[in-house]
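Have a look at the structure below before the remarks.
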There are 2 protein chains.
Amino acid sequence: MDIQLKRGLLDVCVLAAIKNGESYGYKIIKDLKPCIDMSESTLYTILKRLELADMLTVRTAEHGGRLRKYYRITKAGLGRIEDFKDEWREVMAIYQFVIKEDEEHE
Amino acid sequence: MDIQLKRGLLDVCVLAAIKNGESYGYKIIKDLKPCIDMSESTLYTILKRLELADMLTVRTAEHGGRLRKYYRITKAGLGRIEDFKDEWREVMAIYQFVIKEDEEHE
DNA sequence: ACATAATACATCATATCACGAGGTATCGAT
DNA sequence: ATCGATACCTCGTGATATGATGTATTATGT
């Protein structure tokens, strides 16, 4: 998939992946795999960014001898998803513009 | 509109703006205005990039004492639009993933 | 017993790219 | 004569996705 097209979707995908309950990095990647491919370096960068933007909170807990960082979405994060939905109308308008055929010549 | 979301759309918008006949920079911006806002620096950067990628060709012509550079889409450029259409299925799948509510919790 | 894969996190350098700021020049209208 | 519109362009900056690389533990296969 075109990298530029992905850019606007990655952040919101990560938020969507945790919106129904907390999750952790490694699991988020696997959960998103069927939908969108994301490398580890990308994911951890995004998680850090979203945390800084108060879109999610973190807690560290041990699990099977290994440390995990569990991420939970905040109200601001949920708001980000709502904003995304609103913006989608604009996106679809642009999509229509791009694919529309000119009747006079077609 | 979110800048990251725009990124995947700008190139293809420019191609769409010239797909039904040649046009020039200043006009492309005005034509796209109702659909998507693009600064001049962005547009000219994109035109240069698309030319390098053989997605469009250029000819310079005088018009009313001023020079204009007319851009015409190539087969590769039209192919790019077709690829975009194909990719849109993936984009919509991602969109559905993001907006879908979890029935068990909602 | 040993090697390999999977789990789980992280950092850094690099490349791409949108955009504001700034520049040049002509034409038409006030 | 001044100003807005037309028409092009360049440069620096900031944002960001990703591969390469690193660390450490557990599970699995042979």
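Letters go in sequence order (proteins before strands), and every chain restarts at 1.
Proximity of K30(A) to the phosphate of dA6(C): no side-chain N or O atom is located under 4.0 Å from OP1 or OP2. A sub-4.0 Å separation between OP1 or OP2 of dC19(C) and a side-chain N or O of K6(B) is present. Q4(A) has no side-chain polar atom (N or O) that falls below the 4.0 Å cut-off from OP1 or OP2 of dT16(C). Contact between the side-chain N/O atoms of R49(A) and the OP1/OP2 oxygens of dA17(D) is found at a separation under 4.0 Å. Distances shown here put every side-chain N or O of K27(A) at or beyond 4.0 Å from the OP1 or OP2 atom of dT7(C). At the phosphate of dA8(C), OP1 or OP2 sits under 4.0 Å from a side-chain N or O atom of R68(A). Between Y44(A) and dA10(C) there is no side-chain N or O to OP1 or OP2 distance below 4.0 Å.
Here K85(A) pairs with E82(A) in a salt bridge; the nearest charged N to carboxylate O distance falls below 4.0 Å. Using a cut-off of 4.0 Å between Lys/Arg side-chain N and Asp/Glu carboxylate O, D2(A) and K6(A) are scored as not salt-bridged. Taking a cutoff of 4.0 Å between a charged side-chain nitrogen and a carboxylate oxygen, D11(A) and R49(A) qualify as a salt bridge.
Between the side chain of E40(B) and the base of dC8(D), at least one donor-acceptor pair of N or O atoms lies under 3.5 Å.
Nearest-nucleotide mapping onto DNA chain C: of R7(B) and S39(B), the residue sitting toward the 5' end is R7(B). Comparing T45(B) and L43(A) against DNA chain D, the residue whose closest nucleotide sits nearer the 5' end is T45(B). Each of D11(B) and G25(A) has a nearest nucleotide on DNA chain C; the 5'-most of these lies closest to G25(A).
Here dC9(D) presents its C1' atom at 17 Å from OH of Y24(B), a figure rounded to the nearest Å. The separation between L47(B) atom CG and dC19(C) atom C1' is 15 Å, rounded to whole Å. Spacing between atom CD1 of I3(B) and atom P of dA18(C) amounts to 8 Å, rounded to whole angstrom units. Between R66(A) atom CZ and dT23(D) atom C1' there is a gap of 13 Å when expressed in whole angstrom units. Atom-to-atom, CG of D2(B) to P of dC17(C) comes out at 17 Å; the value is rounded to the nearest Å.
Side-chain contact annotation: T42(A) with T45(A), donor-acceptor N/O pair under 3.5 Å absent.
Y71(A) has its side chain out of reach of M55(A): every pair of non-hydrogen atoms, C-beta onward, lies at least 4.5 Å apart.
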